Amino acid sequence: DSIKKRFHYPAKLSVITEEKVISGLRRILEFVQKNPQSPVILNMSFGSYVYSAEMHSIIKELYSRGVIMVAAAGNENTEGRSYPSAFEEVIAVAASDKSDKRKADYSNYGDYIFITTPGEVVYKRTYRGLGNSLNIKIEGSGTSFSSARLTGIIAKFLATEKNRPSREEVMSILKTF
């Protein structure tokens with residue numbers, strides 16, 4: 001039963017059902033259908049090792065409408081295909097280590113991976129005001145950080161281009177990295 005299939009967030013934040021993922025993808029598809037001129041980039045930081053034909057069908061439709069989709073490959077250090085990152089219409093992102101020179105120990109890998117980006121994040125910020133200060137430090141690692149980083153880079157690129165590049169043009173540029 002597809003409702004019982006579970007999805008995991010690689011960052012271990014939550015667990016969701018396939019039904020909820022599909023519902024969210026349908027809502028994005030509705031937006032794209034109503035706003036065909038709006039550039040849409042989608043980051044998916046969740047995954048399942050169970051193939052879903054229904055999800056793949058929606059992903060194909062989003063792809064055909066020009067949506068750029070980026071997905072985290074997973075954090076189990078396996079070659080197993082995690083969906084949606086393993087769908088050919090999706091840019092699958094693995095994580096590299098701090099030096100960005102080799103695959104992170106936890107990152108999934110395989111022939112479906114399109115690109116590897118740093119998966120470790122350290123964010124430090126001090127807020128000052130009214131004689132008080134607040135120090136915030138956020139640390140984390142995972143392919144969710146890698147895919148979010150790449151999604152941000154693509155979004156910034158799309159925002160600066162006067163003529164919106166196609167997904168193929170974006171992929172071609174990414175291959176140069």
Side-chain angles (χ1 to χ4, degrees), residues 2-25 27-28 40-52 55-56 58-59 62-63 67-127 134-159 167 170-171 173-177:
S2 68
I3 294 174
K4 292 182 181 176
K5 291 180 190 171
R6 303 299 269 180
F7 286 77
H8 65 278
Y9 282 93
K12 307 288 187 232
L13 297 176
S14 183
V15 176
I16 57 175
T17 64
E18 178 184 8
E19 180 181 65
K20 288 189 183 257
V21 170
I22 289 171
S23 173
L25 290 172
R27 290 182 69 190
I28 293 165
V40 177
I41 182 165
L42 174 60
N43 179 58
M44 297 177 280
S45 291
F46 56 84
S48 172
Y49 294 103
V50 179
Y51 174 85
S52 166
M55 184 190 307
H56 197 188
I58 298 167
I59 292 283
L62 289 167
Y63 177 83
V67 175
I68 297 174
M69 295 168 283
V70 179
N75 300 317
E76 288 78 34
N77 190 30
T78 180
E79 198 171 1
R81 291 178 172 270
S82 178
Y83 298 95
S85 65
F87 293 135
E88 65 182 278
E89 299 83 6
V90 175
I91 300 169
V93 185
S96 59
D97 64 5
K98 284 182 187 178
S99 67
D100 197 23
K101 301 215 185 294
R102 64 180 184 86
K103 181 186 85 65
D105 293 339
Y106 52 81
S107 182
N108 287 6
Y109 55 92
D111 61 2
Y112 69 99
I113 302 298
F114 181 78
I115 195 167
T116 302
T117 65
E120 297 187 29
V121 174
V122 177
Y123 174 81
K124 296 178 185 178
R125 180 95 190 231
T126 301
Y127 296 92
L134 174 64
N135 294 314
I136 296 176
K137 181 177 180 182
I138 299 171
E139 293 183 66
S141 62
T143 58
S144 291
F145 292 106
S146 300
S147 65
R149 184 175 299 207
L150 182 64
T151 301
I153 291 167
I154 295 169
K156 186 168 185 173
F157 172 71
L158 292 176
R167 180 186 187 278
V170 170
M171 298 286 283
I173 292 166
L174 290 174
K175 285 180 183 176
T176 66
F177 290 99

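Keep in mind that this is a model prediction, so the values were computed, not measured. For this chain, numbers begin at 1 and follow the sequence in order.
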Partners meeting side chain to side chain contact (heavy atoms under 4.5 Å, CB included) with E89 (sequence neighbours left out): H56, I59, K60, Y63, M69, F87
With K98 via side chain to side chain contact (heavy atoms under 4.5 Å, CB included) - residues at least two apart: E120
Taking every non-hydrogen atom, the tightest pair across Y112 and A86: CD1-CA, 3.6 Å
From L42 atom CG to I28 atom CD1, the distance as rounded to the nearest 0.5 Å: 4.5 Å
CD1-OG1 distance between I91 and T151, expressed to the nearest 0.5 angstrom: 8.0 Å
Evaluation steps, side-chain contact (heavy atoms from CB on, under 4.5 Å), between V21 and M44: CA-CA 10 Å; V21 170; M44 297 177 280; over 6 Å; no
Atom of S82, atom of A73 and distance for their closest heavy-atom approach: CB-O, 3.3 Å
Sub-4.5 Å side-chain heavy-atom contact between F145 and S45: no
Test item: N75 side-chain N/O and G142 main-chain N/O as donor-acceptor pair under 3.5 Å: no
Approximate separation, where rounding is to 0.5 Å, of S85 OG and F114 CZ: 13.5 Å
Evaluation steps, side-chain contact (heavy atoms from CB on, under 4.5 Å), between I22 and S52: CA-CA 10 Å; I22 289 171; S52 166; 4.1 Å; yes
Polar side-chain atom of S146 near backbone of T117 as donor-acceptor pair, under 3.5 Å: yes
Single hit among Y51, F46, Y49 for side-chain contact (heavy atoms from CB on, under 4.5 Å) with Y83: Y51
Spatial distance of atom CG (N43) from atom OG (S144) [nearest 0.5 Å]: 7.5 Å
Inter-residue atom distance T143.OG1 - E76.CD, 0.5 Å rounding: 8.0 Å
Among T116, N108, N77, the one residue meeting side-chain contact (heavy atoms from CB on, under 4.5 Å) with K103: N77
Minimum-distance pair of heavy atoms, taken over all atoms of L174 and I154: CD1-CD1, 4.0 Å
CD1 on I173 to CZ on F157, rounded to 0.5 Å: 3.5 Å
